[in-house]
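As structure tokens, the structure follows; a few thoughts come after it.
Within every chain, numbering begins at 1; the chains are lettered A, B, ... in the order of the sequence lines, protein sequences first and strands thereafter.
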There are 2 protein chains.
Amino acid sequence: MRKKNIMNTTSNDKLQFIFGRRSIRTYAPGDVSEETVTQLLKAAMAAPSAAAKDPWRFVVVRKKETLAAIADALPNGRMIASAPLGIVVCGDVEAAHDRQLGYLLQDCSAAVENLLLCAHALDLGACWLGVYPREDRVRKLKEILSLPASVVPVAAIAIGRPGETKEPRTRFNRDFVHSDKW
Amino acid sequence: MRKKNIMNTTSNDKLQFIFGRRSIRTYAPGDVSEETVTQLLKAAMAAPSAAAKDPWRFVVVRKKETLAAIADALPNGRMIASAPLGIVVCGDVEAAHDRQLGYLLQDCSAAVENLLLCAHALDLGACWLGVYPREDRVRKLKEILSLPASVVPVAAIAIGRPGETKEPRTRFNRDFVHSDKW
């Protein structure tokens, strides 16, 4: 399913896991095993977190009606209704370093990226669907998943067997790079 | 330098890049080439970002006095003074999706995690040093690097040849996982 890294200057098989990860929005039939879900969560929880507080929490969603409800709450994430698996990555502000949302967001985002890369390495397709900071999405996800008051849904990840292929790439832009100071 | 993944249930060579990445805080002598820096930045900019706005910006720091000034500003990041290379990952609020800091933080954190994993894959050692949301650190980094008003320093990454080895691991915690709802 996966194609070779065809980029000139970044063609390095060791780094295929990074450049080959793309947002996959259509899914082929087929389930994702419990063992695979555990692997994805192990990868997510291998990310660094501020003061090693690990404020991340995960809701693994397989119920069709729950995936459909999440899809209804996320205008750009309707495809999660057609995925066999969704993982909602949340953060508990009470558990975060200094109880700061700013740390929680960084920690959860590192975990999401690890999870996406792991999915790709396991030949799955996945897509990061934004929840926070949109208040309506946060409110709806909290309702759908019965989240406690201190738990913030940061992102939903749609996961399944890839139903589309995309070339490896980077959006590297030299204008975004400065040396020693701005 | 790198050891084999010794974890029982996650021992999968394909995923070594995730579980083998650890925070490396001491550095052996030796420089990091310009080509490698470009590779790290390509990996960072291969991360997904909200609405593909790519609000990330990077300051590549090699000057000893600048690294020392950053070290002075980061109480837990003094080791960056002994690293041959620092990359300060910033976000431009003006460039972020909906000009929202909440999106900027997620985008920059995904980029940081990609950069850390790439460093590990290239047999370098790296450590994520928190800047945002601590106001004093943000202010000092903005001064040191002459950042424009709309640019927020999110994290500094110390990078060099690893001066210590650590075992692969995950901090997987089943208590953090819920099924279908909380």
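Of the two parts of B:V154, the backbone and the side chain both hold a non-hydrogen atom closer than 4.5 Å to a non-hydrogen atom of chain A. With a threshold of 4.5 angstrom between heavy atoms, A:L116 approaches chain B through side-chain atoms but not through N, CA, C or O. Proximity to chain B (any heavy atom under 4.5 Å) is restricted, for A:D98, to the side chain, taken from C-beta onward. Looking at A:R174, the atoms closer than 4.5 Å to chain B (heavy atoms on both sides) all sit in the side chain, from C-beta outward. In this structure, chain B has no heavy atom under 4.5 Å from any part of A:V112.
In this structure, B:V60 is not a member of the same hydrophobic cluster as B:I70, with clusters built from ILVMFWY side-chain heavy atoms closer than 4.5 Å. Residues B:L145 and B:I87 are members of separate hydrophobic clusters, defined by side-chain heavy-atom contacts under 4.5 angstrom among Ile, Leu, Val, Met, Phe, Trp and Tyr. Transitive grouping of hydrophobic side chains (ILVMFWY, heavy atoms separated by less than 4.5 Å) keeps B:L67 and B:L124 in distinct clusters. Residues B:L129 and B:L147 fall within the same hydrophobic cluster, defined by Ile, Leu, Val, Met, Phe, Trp and Tyr side chains chained together at heavy-atom separations under 4.5 Å. Hydrophobic clustering (ILVMFWY, side-chain heavy atoms < 4.5 Å, transitive): A:V89 and A:V59 are in distinct clusters.
Looking at heavy atoms from C-beta onward, B:V177 lies in side-chain contact with A:M45 at the 4.5 angstrom threshold. B:F17 has its side chain out of reach of A:K14: every pair of non-hydrogen atoms, C-beta onward, lies at least 4.5 Å apart. Side-chain atoms of A:L105 and B:L101, non-hydrogen and from C-beta on, never get closer than 4.5 Å to each other.
The choice from A:F58, A:W56, A:W128 that makes the most heavy-atom pairs within less than 4.5 Å of chain B is A:F58. Looking only at heavy-atom pairs under 4.5 Å with chain A, the residue among B:A111, B:A50, B:P48 that has the most is B:P48. Considering only heavy-atom pairs separated by less than 4.5 Å from chain A, the leading option among B:P148, B:S179, B:G102 is B:P148.
Here the side chain of A:K181 pairs no donor or acceptor atom with the backbone of B:S146 at under 3.5 angstrom. Listed for the B:Q106 side chain is a donor-acceptor partner under 3.5 Å among the backbone atoms of A:Y132. In this structure, the side chain of B:R21 engages the main chain of A:A46 through a donor-acceptor pair within 3.5 Å. One N or O on the side chain of A:R171 and one on the backbone of B:A47 form a donor-acceptor pair closer than 3.5 Å.
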Checklist line | Candidate pair A:F19 and B:K42, rule side chain to side chain contact (heavy atoms under 4.5 Å, CB included), full reasoning | finding: CA-CA 9 Å; A:F19 298 112; B:K42 284 182 174 171; 3.8 Å; yes
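Minimum heavy-atom separation, B:F176 to A:D54: CE1-O, 3.6 Å. Shortest non-hydrogen contact noted between A:V61 and B:D180 is CA-OD1, 3.5 Å. Scanning both residues, B:L15 and A:A121, for their nearest heavy atoms gives CD2-CB, 3.6 Å.
Within a 6.0 Å radius of NZ in B:K142, other residues, nucleotides and ligands contribute more than 12 heavy atoms.
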